[in-house]
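The figures here come from the full heavy-atom set of this structure, side chains too, leaving out hydrogens, waters and symmetry mates. Nothing fancy with the numbering, it's 1 onward along the sequence.
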Amino acid sequence: MKTYTSRNGLGEYLSGLRGGNKTIGFVPTMGALHQGHLSLIAIAQQRCDVVACSIFVNPTQFNDPKDLEKYPRPIQSDIEKLEQAGCDILFNPEVNEMYAGNEQWHLDLGELEHLLEGKFRPGHYQGVTQVVYKLFDIVKPDMAFFGQKDYQQFLVIQKMADMLNLPVKLVMCPILREPDGLAMSSRNIHLSAEDRRRALVLSKTLNWVKENFNTASIDSLQQESAAMISAEPGVSLEYFEIADGRDLHPATADSRTIVALVAAKVGNTRLIDNEILSS
Ligand code: PAF
């Protein structure tokens with residue numbers, strides 16, 4: 001695997017590959033890689049000639065400095081995982097390689113920025129679009145691969161790509177789960193054994209909603225789900241929403257794609273999960 005810490009080094013190497021008509025697949029990450037990330041690499045390998053992964057813990061998307069500080073950074077084991085997965089290129093820049101200073105960035109993402117995650121993490125999606133824009137500008141990928149677990153993030157990045165006419169195809173890849181149903185996440189390592197067990201209420205509730213989606217009303221599913229999650233000790237629900245998969249407004253009879261999305265704090269760890277109910 002070729003590893004770059006500088007934008008110029010990576011840019012030059014990639015432009016050589018592009019000149020040789022290779023298609024470039026890109027998997028942006030913040031590291032602490034798990035099977036979910038590796039599944040993105042595997043999908044990218046099926047669809048593109050060359051796969052580049054970035055590991056960069058982006059400070060501008062953290063609204064809580066403590067969260068940024070405690071974000072896991074196991075770079076050596078991440079590199080081993082990428083090598084074993086057969087990833088071709090790693091981009092692992094320092095903060096000053098990506099940001100010149102206190103750069104101002106604002107993209108009008110409309111309501112999508114303020115719903116659900118946006119309500120609980122103000123400014124988060126400005127930071128995400130800022131860094132993904134920069135990464136796309138450096139890598140110039142043909143395709144970029146993101147996990148469905150961050151469903152709203154996918155919509156936000158798609159909106160940015162549409163607004164700025166970025167020549168990249170975005171691919172949403174399925175959520176990977178532990179055998180007991182917990183969605184894989186870099187944050188799971190912060191869960192105590194007790195919290196890890198309690199966190200299962202999220203995937204269990206989403207499954208229950210999926211099973212009952214064709215027979216119960218959206219209102220009743222939403223209310224009962226919120227009650228089920230809130231009844232779990234140590235779990236503090238932030239939102240449970242059955243939403244239109246295109247704009248994340250509450251789902252209606254006209255919604256073609258419908259998705260149930262949840263966020264909750266389990267102990268001190270904030271987790272998100274979702275399930276596509278119809279598409
Ligand atoms: O999903 C993530 O890990 C991050 O939000 C991303 C897309 C790599 C941007 O920092």
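Contact check for I89 versus L14: side-chain heavy atoms found under the 4.5 Å cut-off. Looking at T23 and V50, their side chains never come closer than 4.5 Å, going by heavy atoms from C-beta outward. Within the 4.5 Å cutoff, side-chain heavy atoms of L10 are placed close to those of I138. In this structure the side chain of V171 reaches within 4.5 angstrom of the side chain of R47, judged on heavy atoms. Proximity of S225 to W208: side-chain heavy atoms (C-beta onward) are separated by under 4.5 Å at one or more points. A 4.5 Å side-chain heavy-atom check between P93 and R7 finds every atom pair outside the cut-off. Using a 4.5 Å heavy-atom cutoff, the side chains of P59 and F56 are in contact. V262 places none of its side-chain heavy atoms less than 4.5 Å from the side chain of N274.
Grouping the Ile, Leu, Val, Met, Phe, Trp and Tyr side chains by contacts below 4.5 angstrom, directly or via other members, places L107 with I157. Cluster annotation: M143 and L40 are assigned to the same hydrophobic cluster (Ile/Leu/Val/Met/Phe/Trp/Tyr, side-chain heavy-atom contacts under 4.5 Å, transitive). Transitive grouping of hydrophobic side chains (ILVMFWY, heavy atoms separated by less than 4.5 Å) keeps L135 and F62 in distinct clusters. Under the 4.5 Å side-chain contact rule for hydrophobic residues, V132 and V95 share a cluster. No continuous path of hydrophobic side-chain contacts links I272 to I229 [ILVMFWY only; heavy atoms under 4.5 Å].
A donor-acceptor pair under 3.5 Å links the side-chain atoms of Q152 to the main chain of E117, judged by distance alone. In this structure, W105 contributes its side chain and Q126 its backbone to a donor-acceptor pair below 3.5 Å. Listed for the T215 side chain is a donor-acceptor partner under 3.5 Å among the backbone atoms of N212. At distances below 3.5 Å, not a single donor-acceptor pair connects side-chain atoms of D78 with backbone N or O atoms of R73. With hydrogens and angles ignored, the 3.5 Å screen pairs a side-chain donor or acceptor of D180 with a backbone N or O of L182. Of the possible polar contacts, none joining the K81 side chain to the L38 backbone as a donor-acceptor pair under 3.5 Å is found. Checked by atom type and distance alone, the side chain of Q45 pairs as donor or acceptor with a backbone atom of G86 at under 3.5 Å. No side-chain donor-acceptor contact under 3.5 Å links T5 to the backbone of N92. For K169 (side chain) and A144 (main-chain N/O), no donor-acceptor pair under 3.5 Å exists by modelled atom type. The backbone N or O of H34 sits less than 3.5 Å from a side-chain atom of H37, completing a donor-acceptor pair.
E111 and H249 share a donor-acceptor pair across their side chains, judged by distance under 3.5 Å alone. Side chains of S255 and D244: a donor on one and an acceptor on the other come within 3.5 Å. In the model, S6 has no side-chain atom that pairs as donor or acceptor with a side-chain atom of N8 under 3.5 Å.
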*Kindly indicate, with the supporting measurements, whether the criterion salt bridge (charged side-chain N to carboxylate O under 4.0 Å, His left out) is fulfilled by R197 and E194.*
CA-CA 5 Å; R197 195 188 52 71; E194 182 66 0; 3.2 Å; yes
*side-chain contact (heavy atoms from CB on, under 4.5 Å) between L68 and D64, worked out*: CA-CA 7 Å; L68 171 62; D64 175 357; over 6 Å; no
*Working for side-chain contact (heavy atoms from CB on, under 4.5 Å), residues Q61 and M30*: CA-CA 11 Å; Q61 71 188 75; M30 297 206 298; 3.7 Å; yes
*Decide side-chain contact (heavy atoms from CB on, under 4.5 Å) for Y99 and Q130; before the verdict, give the C-alpha distance in whole Å, the side-chain angles of both, and the deciding distance to 0.1 Å.*
CA-CA 10 Å; Y99 292 106; Q130 182 180 29; 3.6 Å; yes
*May I have the step-by-step check of side-chain contact (heavy atoms from CB on, under 4.5 Å) for D88 and L17, ending in yes or no?*
CA-CA 12 Å; D88 302 294; L17 292 177; over 6 Å; no
*Test ring-ring contact (aromatic ring centres under 6.0 Å, His included) applied to F26 and F145, step by step*: CA-CA 6 Å; F26 181 42; F145 299 81; 9.5 Å; no
_Intermediate values then yes/no, side chain to side chain donor-acceptor pair (under 3.5 Å), D162 and Q158_ = CA-CA 6 Å; D162 292 344; Q158 184 66 68; 3.1 Å; yes
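Note: E178 CD to L200 CG = 10.0 Å, rounded to the nearest 0.5 Å. Atoms NZ and CD, from K204 and E232 in turn, are 8.0 Å apart once rounded to the nearest 0.5 Å. Separating the NE2 atom in H124 from the CD atom in Q153 is a distance of 6.0 Å, to the nearest 0.5 Å. The structure places NZ of K159 at 7.0 Å from CG of D108, a figure rounded to the nearest 0.5 Å. A distance of 10.5 Å separates CG in L261 from CD in E275, rounded to the nearest 0.5 Å. We find the OG1-NZ distance between T205 and K210 to be 15.0 Å, quoted to the nearest 0.5 Å.
Atom NZ of K2 sits in a sparse spot, with 12 or fewer heavy atoms from other residues, nucleotides or ligands closer than 6.0 Å. Atom CG of D49 has more than 12 neighbouring heavy atoms from other residues, nucleotides or ligands inside a 6.0 Å radius. Around NZ of K265, the count of heavy atoms belonging to other residues, nucleotides or ligands within 6.0 Å does not exceed 12. The local environment of OH in Y133 is sparse, with at most 12 non-hydrogen atoms from other residues, nucleotides or ligands closer than 6.0 Å. Within a 6.0 Å sphere centred on NZ of K140, heavy atoms belonging to other residues, nucleotides or ligands number more than 12.
Under the 30°/60° scheme for interplanar angles, the aromatic rings of F136 and F146 are found to stand perpendicular.
One finds a salt bridge joining R177 and D273 here, because a Lys/Arg side-chain nitrogen approaches an Asp/Glu carboxylate oxygen to under 4.0 Å. D67 has a carboxylate O that lies under 4.0 Å from a charged side-chain N of R187, or vice versa, which qualifies the two as a salt bridge. For K134 and E103, the salt-bridge test passes: some basic side-chain N is under 4.0 Å from an acidic carboxylate O.
Of all heavy-atom pairs spanning N58 and V128, the tightest one is ND2-N, 4.3 Å. Nearest heavy-atom pair across P28 and S54 is CA-OG, 3.2 Å. Residues V259 and G245 share a closest heavy-atom pair of CG1-CA, 3.8 Å. L237 approaches A263 most closely through the heavy-atom pair CD1-O, 3.5 Å. In plain terms, the two heavy atoms of D247 and L112 that are nearest each other are O-CD1, 3.8 Å. C87 and C53 make their closest contact through SG-CB, 3.7 Å (heavy atoms, listed as atom of the first residue, atom of the second, distance).
Remark: K119 is not positioned above the aromatic ring of Y239, lacking an NZ or CZ atom under 6.0 angstrom from the ring centre and at most 45 degrees off the axis.
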